Q: 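First the structure, which I've put down as structure tokens, then a few questions once you've had a look.
Numbers restart at 1 for each chain; the letters A, B, ... are given by sequence-line order, proteins then strands. What you see is a predicted model; the values in this text were computed from it and never measured.
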Protein chains: 2
Amino acid sequence: MNKEKRRSVLSAKAIGRLCIYRRILEEWEGSGKTRAFSHELAGAAGQTAVLVRRDLMGIGYAGSPNRGYDVGALQHAIGDLLDRHETQNVALVGVGNLGKALLDYFQGLRPNLRIPAAFDSDPEKVGGEVGDARTHHVDDLARVIEEFSIGVAVLTVPSEAAQETADRLIAAGVRSLLNFTRVRLRTPPGIYVENVDISMSLEKVAYFARRRDAGAA
Amino acid sequence: MNKEKRRSVLSAKAIGRLCIYRRILEEWEGSGKTRAFSHELAGAAGQTAVLVRRDLMGIGYAGSPNRGYDVGALQHAIGDLLDRHETQNVALVGVGNLGKALLDYFQGLRPNLRIPAAFDSDPEKVGGEVGDARTHHVDDLARVIEEFSIGVAVLTVPSEAAQETADRLIAAGVRSLLNFTRVRLRTPPGIYVENVDISMSLEKVAYFARRRDAGAA
DNA sequence: GATTGTGAATAAGTTCACAGCC
DNA sequence: GGCTGTGAACTTATTCACAATC
């Protein structure tokens with residue numbers, strides 16, 4: 001129907017799980033494991049075997065009964081879906097403690113995801129480098145975003161600046177945001193926002209530490 | 001039925017949203033706003049008005065038609081549910097870049113959540129302090145966890161150490177974990193784990209930057 | 001005999017639609 | 001008239017159950 005082959009549209013949750021499967025498969029591939037069963041993947045990913053099979057069905061990859069899946073081929077199939085294109089450039093905005101830690105963390109995690117630029121409003125931080133990323137002043141945001149064809153941004157600015165920064169990023173052409181601020185952003189349709197609300201997560205965990213029944217995340 | 005009043009058991013998702021509502025209400029309270037409608041809360045929280053009302057129904061708090069909710073009272077009601085008890089102590093394990101940034105980030109975010117202790121396996125880091133937190137060697141984990149009655153832990157160790165560290169934390173009495181590693185932990189029933197899989201989130205965001213249809217998180 | 005792929009059933013989460021209230 | 005509270009409808013996500021396969 002559209003150019004994404006005709007595989008059924010995958011939900012955000014399914015995509016998340018596929019990222020996890022891929023990571024596990026890469027690890028197995030590195031350690032020489034060549035075949036895997038759905039229940040093995042499920043165990044490592046913290047999911048059920050049926051759900052793994054459904055997810056793989058979703059990407060159109062078929063295993064063989066009794067022999068399971070081919071680790072290398074499956075890893076490749078997922079990778080194909082997840083980053084079919086060449087390198088994607090990512091920007092990080094807000095080079096505070098958390099921003100710096102994330103810049104460092106992301107370096108080299110995924111060969112296809114580069115972070116060539118960071119932004120901050122503090123002139124003292126401009127010019128600093130972490131790995132590939134050179135820090136620019138936010139006033140140069142639009143120019144640099146365009147220069148590097150950046151379509152993804154990580155938002156680690158203070159809450160007060162979150163919405164305005166997001167607006168500017170989107171105006172500059174960014175298509176999706178990884179939002180580490182506590183603000184729920186208002187964005188036009190077509191823009192994907194993934195919220196990583198760390199303080200909420202901590203509060204949740206604290207709450208469940210007091211409830212005797214478990215629950216997964 | 002059990003001592004949690006008889007309010008229906010709230011899902012992890014609902015708890016997460018309640019954390020968000022509370023934050024917004026606190027902000028409004030600070031700025032002098034005293035009443036709020038479900039659609040206002042919904043707007044600020046990035047949810048629908050109906051869902052907000054359902055969630056509040058879930059905690060047994062009633063607003064009044066045409067006048068909405070009382071900001072102060074509602075904030076208090078949610079707070080009551082979310083941290084009814086006295087201060088809860090939290091430990092952070094793995095004082096790397098990310099661990100340090102999180103220690104700093106969490107300091108003072110919630111008066112009822114203190115982080116009195118951090119752990120690392122590197123002797124060089126032992127003795128260091130960030131805010132309330134003093135860094136101990138992981139070998140002292142059980143002792144310190146008990147000393148501070150710590151029930152919640154934030155896991156920011158390298159992947160290789162994740163499962164073993166989690167096991168030790170749980171053995172020491174920790175009831176719930178905020179897991180920042182890429183490993184899906186195996187935990188006994190009754191232990192709550194919230195996974196914050198940062199690299200997965202970035203991969204997801206990168207994926208959706210290339211799909212023209214949106215999707216919320 | 002163990003495993004995959006999948007229709008059907010179930011469960012979880014959300015929205016619709018509207019009665020009741022101020 | 002505009003809001004809350006909520007049964008019912010709906011949608012999404014997951015699991016069950018089993019036929020097909022190796």
Q: Is the number of heavy atoms from other residues, nucleotides or ligands within 6.0 Å of CD (B/Glu29) greater than 12?
A: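 Buried by this count: over 12 neighbours within 6.0 Å.
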Q: Quick check on side chain to side chain donor-acceptor pair (under 3.5 Å): which of B/Arg182, B/Arg184, B/Lys204 does B/Asp197 satisfy it with?
A: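 Only one option passes, and that is B/Arg184.
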Q: Can you check the B/Leu74 CG to D/dT4 C1' distance for me, whole Å?
A: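 Rounded to the whole Å, the gap is 13 Å.
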Q: Would you kindly check whether a donor in the side chain of B/Asn66 faces an acceptor in the base of D/dC3, or vice versa, at under 3.5 angstrom?
A: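 By the distance-only test, no, there is no pair.
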Q: Starting from C1' on D/dC3, measure out to CG on B/Leu56 and report it in whole angstrom.
A: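 Going from B/Leu56 (CG) to D/dC3 (C1'), I get 14 Å.
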Q: To the nearest Å, how far apart are B/Met57 CE and C/dT14 P?
A: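 Checked: the CE to P distance equals 13 Å.
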Q: Using a distance-only test with no angle check, is there a side-chain donor-acceptor pair under 3.5 angstrom linking A/Ser199 and B/Arg23?
A: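 Distance-only check passes for A/Ser199 and B/Arg23.
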Q: Over how many whole Å does the gap from A/Gln47 atom CD to D/dT14 atom P extend?
A: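 Distance check: A/Gln47 CD to D/dT14 P gives 7 Å.
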Q: Using the side chain to side chain contact (heavy atoms under 4.5 Å, CB included) rule, take B/Arg17 and B/Arg22 through it: C-alpha gap first, then chi angles, then the decisive distance, then the call.
A: CA-CA 9 Å; B/Arg17 288 190 300 264; B/Arg22 171 165 68 163; over 6 Å; no
Q: From the list D/dG2, C/dA8, C/dT14, which nucleotide is the closest neighbour of the side chain of B/Pro65?
A: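 Selected nucleotide: D/dG2.
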Q: Could you tell me whether B/Ala62 contacts a base, only the sugar-phosphate backbone, or nothing, with contacts defined as non-hydrogen atoms closer than 4.0 Å?
A: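 Sugar-phosphate, backbone atoms only, no base.
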Q: Answer yes if the side chains of A/Asp55 and A/Tyr21 hold a donor-acceptor pair under 3.5 Å, and no otherwise.
A: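 A donor-acceptor contact under 3.5 Å links the two side chains.
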Q: What's the closest nucleotide to the side chain of B/Phe37 if the choices are C/dG13, D/dC3, C/dT4?
A: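 Among the listed nucleotides, the one closest to the side chain of B/Phe37 is D/dC3.
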Q: What nucleotide among D/dG5, D/dC3, C/dT15 has an atom nearest to a side-chain atom of B/His39?
A: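 The answer is D/dC3.
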Q: For A/Val50 and B/Ala14, find the nucleotide of DNA chain C closest to each by heavy atoms; which residue's nucleotide sits nearer the 5' end?
A: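 First, find each residue's nearest nucleotide; the 5'-ward one identifies A/Val50.
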Q: If you assign A/Arg17 and B/Ser64 each to the DNA chain D nucleotide with the nearest heavy atom, which residue ends up on the more 5' nucleotide?
A: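 Looking at DNA chain D, the more 5' nearest nucleotide goes with B/Ser64.
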Q: What is the separation between atom CZ on A/Arg53 and atom C1' on C/dT3, rounded to the nearest whole Å?
A: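 After rounding, the gap between these two atoms is 7 Å.
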Q: Between atom CG in B/Asp55 and atom P in D/dG5, what is the gap in whole Å?
A: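 After rounding, the gap between these two atoms is 12 Å.
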Q: Between C/dG5, D/dG5, D/dT15, spot the one nearest the side chain of A/Leu51, thanks.
A: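 Closest nucleotide among those given: D/dT15.
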Q: Tell whether B/Arg67 reaches the base of D/dT4 with its side chain through a donor-acceptor pair below 3.5 angstrom.
A: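 No pair found.
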Q: Classify the side chain of B/Arg54 versus the base of D/dG7 as yes if they form a donor-acceptor pair under 3.5 Å and no if they do not.
A: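 Such a pair exists between side chain and base.
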Q: I want to verify a distance call: between C/dT4, D/dA13, C/dG13, whose nearest atom is closest to the A/Lys13 side chain?
A: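 Comparing C/dT4, D/dA13, C/dG13 against the side chain of A/Lys13, the answer is D/dA13.
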Q: Just the rounded figure in Å: distance from P of D/dC3 to CD of B/Glu40.
A: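 That distance rounds to 9 Å.
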Q: Take atom CG of A/Asp70 and atom P of D/dC22, then tell me their distance rounded to the nearest Å.
A: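 In whole Å, D/dC22 P and A/Asp70 CG are 16 Å from each other.
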